[in-house]
Amino acid sequence: MPELPEVEIAARRLRESLAGRRIAAVRIVDPKLLANAAPAALAAALEGSVIDRVERRGKYLLLHAGSGPVLLVHLRMTGRFLFVEQAPETPGHPFRCLFQLAEGGVALFRDPRRFARFELREDVGGAPLAALGPDALVEPPDAARLGQLVAGRRQSIKALLMDQRRLAGLGNICAIEILYRAAIAPDRPAGELAPGELASLAEIFPAYLEWAIARQERRELVYLGERGAENVFTIYRRRGEPCPRCGTAIARRVLAGRGTYFCPGCQR
DNA sequence: CTTATCCCCTGCCGGC
DNA sequence: TGCCGGCAGGGGATAA
């Protein structure tokens with residue numbers, strides 16, 4: 001799932017359903033979930049404590065428990081928290097981790113592809129957060145700042161938008177949809193974009209993020225893989241369908257290692 | 001320094 | 001119905 005909009009919504013749900021509650025027990029089902037410590041370390045850090053603050057930075061979730069270590073959560077492709085009254089007994093609901101709350105209720109961490117990672121860090125100043133560029137939602141770059149980011153870069157504009165060290169939060173779908181709205185071809189070398197195109201990008205992508213967050217808030221943006229999920233995107237996963245702007249068939253190619261949808265007719 | 005490729009994993013979908 | 005290839009919102013490691 002997660003790009004910035006989904007991670008932002010995940011942070012809001014965690015503030016509603018997890019923050020302020022005491023964690024009675026932590027159960028790690030999949031020992032590979034915790035990237036930099038033993039499962040016992042997570043239990044020691046969280047059991048008996050209260051998550052008092054939840055932050056988002058780029059695609060990372062930060063769960064603070066008082067003065068203890070911070071738990072970094074990266075959802076990667078399929079990670080998500082579910083809040084339920086009781087831990088499921090049947091194996092029909094596999095989960096990688098479970099937080100039992102003292103006042104009742106359970107937070108489950110589901111992640112079918114098992115790419116997601118938890119990390120315990122003493123502070124937020126070092127790796128991996130220090131490597132992130134400015135947050136695409138909190139500090140959206142204006143045209144001038146974008147100009148600095150792309151200056152001299154031969155890398156494709158799509159790869160640059162997805163590079164978390166330059167700008168944190170955008171992923172494959174965001175990059176595809178934003179470049180479509182700006183009518184810029186995804187494989188254009190970033191450094192060759194004209195000032196007017198940078199201005200167009202700078203205007204479009206905060207608006208796109210707000211739109212996606214609002215949609216997700218209304219629970220309209222769901223995994224495409226979920227039963228009954230509808231593709232709400234303009235061109236993502238619409239190869240062969242006519243472009244809404246010019247009618248040309250939407251094309252797909254692999255760029256920066258990811259499936260990239262674009263309109264060969266009007267994205268220049 | 002870049003960029004490209006492979007890898008990590010499971011699940012769904014469409015075609016045959 | 002069953003099998004198989006393609007595809008999937010992430011990034012890290014490695015090679016060139």
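In what follows, chains carry the letters A, B, and so on, assigned in the order in which the sequence lines appear, proteins first and then strands, with residues in each chain numbered from 1. This is a predicted model, so every value here is computed, not measured.
Looking at A:Glu119 and A:Arg117, no side-chain N of the basic residue comes within less than 4.0 Å of a carboxylate O on the acidic one, giving no salt bridge.
Which of C:dG9, B:dT10, C:dG11 sits closest to the side chain of A:Arg114 comes down to B:dT10. For A:Arg166, the side-chain atoms get nearest to B:dT2 when compared with the rest of C:dA8, B:dT2, C:dG10. Proximity note for A:Tyr236 (side chain, C-beta onward) versus C:dC7, C:dG11, C:dA8: the nearest is C:dA8. Closest to the side chain of A:Arg153, from the set C:dG10, C:dC7, B:dT2, is B:dT2. For A:Gln155, counting side-chain heavy atoms from C-beta on, the closest listed nucleotide (B:dT3, C:dG11, C:dG9) is B:dT3. Listed nucleotides C:dG12, C:dG10, C:dC7 differ in distance to A:Met162; the shortest reach to its side chain belongs to C:dG10. Which of B:dG11, C:dG11, C:dG9 sits closest to the side chain of A:Pro112 comes down to B:dG11. For A:Tyr60, the side-chain atoms get nearest to C:dG12 when compared with the rest of C:dG12, C:dG9, C:dC7.
Both tests hold for A:Arg245 against A:Tyr180: distance to the six-membered ring centre under 6.0 Å, angle to the ring axis within 45°.
Residue contacts shown for A:Arg252 are limited to sugar-phosphate atoms, with no base heavy atom under 4.0 Å away.
Here the P atom of nucleotide C:dG9 and the CD atom of A:Glu177 are 12 Å apart, to the nearest Å. Put simply, CZ on A:Arg154 is 11 Å from P on B:dT2, counting in whole angstrom units. One can place NE2 of A:His74 at 19 Å from P of B:dC8, the figure rounded to the nearest angstrom. Taking atom CD of A:Glu119 as the reference point, atom P of C:dG10 lies 18 Å away to the nearest angstrom. If you measure from atom CG of A:Asp187 to atom P of B:dA4, you get 11 Å, rounded to the nearest angstrom. Distance NZ (A:Lys158) to P (B:dT3): 14 Å, rounded to an integer number of Å. Atom CG of A:Leu72 is separated from atom P of C:dG12 by 12 Å (rounded to the nearest Å). Summarising the geometry, the separation between CZ on A:Arg253 and P on C:dG6 is reported as 19 Å, rounded to the nearest angstrom.
Stem regions annotated for DNA chain B: B:2-8 with C:10-16, B:10-16 with C:2-8, counting only runs of 3 or more consecutive pairs of Watson-Crick or G-U type with both contacts under 3.5 Å.
Within a 6.0 Å radius of CD in A:Glu85, no more than 12 heavy atoms belonging to other residues, nucleotides or ligands are found. Around CD of A:Glu203, the count of heavy atoms belonging to other residues, nucleotides or ligands within 6.0 Å does not exceed 12.
Side chain of A:Gln164 to main chain of A:Leu170: a donor-acceptor pair is present (N/O by atom type, distance under 3.5 Å, no hydrogens or angles). Proximity of a side-chain donor or acceptor of A:Glu177 to a complementary backbone N or O of A:Ile235 within less than 3.5 Å is detected.
The residue among A:Pro128 and A:Ile176 whose nearest nucleotide of DNA chain C is located toward the 5' end is A:Ile176.
The aromatic rings of A:Tyr261 and A:Tyr236 sit perpendicular to each other, their planes meeting at more than 60°, with 30° as the lower class boundary.
Distances shorter than 4.0 Å separate some side-chain N or O of A:Tyr261 from OP1 or OP2 on C:dA8. Considering only side-chain N and O atoms, A:Arg239 lies under 4.0 angstrom from the phosphate OP1 or OP2 of C:dC7. The side chain of A:Arg258 places an N or O atom within less than 4.0 Å of a non-bridging phosphate oxygen (OP1 or OP2) of C:dG10.
Remark: the A:Arg113 side chain and the C:dA8 base include a donor-acceptor N/O pair separated by less than 3.5 Å.
Comparing the same atom, P, in B:dC6 and in C:dG6 gives a spacing of 14 Å after rounding to whole Å.
Among residue pairs with one or both ends in residues 124-150 of chain A, those qualifying as salt bridge (Lys or Arg N to Asp or Glu O under 4.0 Å) are A:Arg56-A:Asp135; sequence neighbours excluded.
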